Amino acid sequence: GQSLEQPSEVTAVEGAIVQINCTYQTSGFYGLSWYQQHDGGAPTFLSYNALDGLEETGRFSSFLSRSDSYGYLLLQELQMKDSASYFCAPSSGGSYIPTFGRGTSLIVHP
Amino acid sequence: DAGITQSPRYKITETGRQVTLMCHQTWSHSYMFWYRQDLGHGLRLIYYSAAADITDKGEVPDGYVVSRSKTENFPLTLESATRSQTSVYFCASNNPGQGANEQFFGPGTRLTVL
């Protein structure tokens, strides 16, 4: 079957580093996407990993281990504006359609 | 304007009424999607379309109808709205399998069924 797990909530202070983990079981796994959604807004794409390893985009990095069915999103130098929900979304090679989990609510404190 | 738009942005209707939510994209993306988002459930796929005149069910299709006569439009119809369909609905589009497989989301429609 298919399953997707990520923490429901993470809190951190401004300037800190936070890691949001994601474990998945996806038939025919193709890649792992991450999306950010602020309250009242639409999801926006952050990053994508198709191969094992780390992808870095500014303050955000995303990691994938295909053998462990595991990935994480790393946010550095946290800012108040990073308070949002973060979704990991694995996709399968058959349809390339991502499956979104319940997301992780990140709360950044001053 | 370029991008993906949804209308209306807010809608209040009554149980049993028919409601159509509109989605329009200007990128000529082949794929379009409809999601609903409810507290505690994240984003759940209702229907998607791989091209004009090709649609397929997602995770939660019951009570919804879609059509795609033109590449740029993907309306979602609730034929007889129920209170359980109160939700925020997001439309998205992309060309899957290319690079980052990014989905582009519209601003959402907040639907309340009384």
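Quick caveat: nothing in here was measured; it's all calculated off a predicted structure. Here is the naming used below: chain letters follow the sequence lines, and residue numbers restart at 1 for every chain.
A:Tyr35 and B:Gln103 make their closest contact through OH-N, 2.8 Å (heavy atoms, listed as atom of the first residue, atom of the second, distance). Heavy-atom minimum distance, B:Phe90 versus A:Gln37: CZ-NE2, 3.5 Å.
Identified by a heavy-atom distance below 4.5 Å to chain A, the contributing residues of residues 42-52 of chain B are B:Gly42, B:Leu43, B:Leu45, B:Tyr48, in residue-number order. Against chain A, the residues from residues 104-114 of chain B that qualify, each with a non-hydrogen atom under 4.5 angstrom away, are B:Phe105, B:Gly106, B:Pro107 in number order.
To the nearest 0.5 Å, the span separating OG on A:Ser85 from CD on B:Gln37 amounts to 7.5 Å.
B:Asn101 places a side-chain N or O within donor-acceptor distance of the main-chain N or O of A:Tyr96, the cut-off being under 3.5 Å.
No part of A:Thr44 comes within reach of chain B, as not one of its non-hydrogen atoms sits under 4.5 angstrom from that chain. Looking at B:Glu59, there are no atoms closer than 4.5 Å to chain A (heavy atoms on both sides), in backbone or side chain.
Linking Ile, Leu, Val, Met, Phe, Trp and Tyr whenever their side-chain heavy atoms come within less than 4.5 Å puts A:Leu4 and A:Leu106 in one cluster. In the hydrophobic clustering of this structure, B:Met32 does not group with B:Ile54; members are Ile, Leu, Val, Met, Phe, Trp, Tyr whose side-chain heavy atoms approach within less than 4.5 Å, directly or through other members. Hydrophobic cluster membership differs between A:Leu74 and A:Leu78, with clusters built from Ile, Leu, Val, Met, Phe, Trp and Tyr side chains linked at under 4.5 angstrom. A:Leu75 and A:Met80 fall within the same hydrophobic cluster, defined by Ile, Leu, Val, Met, Phe, Trp and Tyr side-chain heavy atoms under 4.5 Å apart, directly or through other members. Cluster membership for A:Tyr30 and A:Phe87, using ILVMFWY side-chain heavy atoms within less than 4.5 angstrom, is shared.
Environment of CZ in A:Arg59: crowded, with over 12 heavy atoms of neighbouring residues, nucleotides or ligands closer than 6.0 Å. Dense packing is recorded around CD of B:Gln18, with more than 12 heavy atoms of other residues, nucleotides or ligands lying under 6.0 Å away. For CD of A:Glu5, the number of neighbouring non-hydrogen atoms (other residues, nucleotides, ligands) closer than 6.0 Å is 12 at most. No more than 12 heavy atoms of other residues, nucleotides or ligands sit less than 6.0 Å from atom CD1 of B:Ile12. For A:Asp39, the CG atom is loosely surrounded, since the number of other residues' heavy atoms within 6.0 Å does not exceed 12.
Most heavy-atom pairs under 4.5 Å with chain B, from the set A:Gly103, A:Ser91, A:Pro98, A:Ala50: that is A:Pro98.
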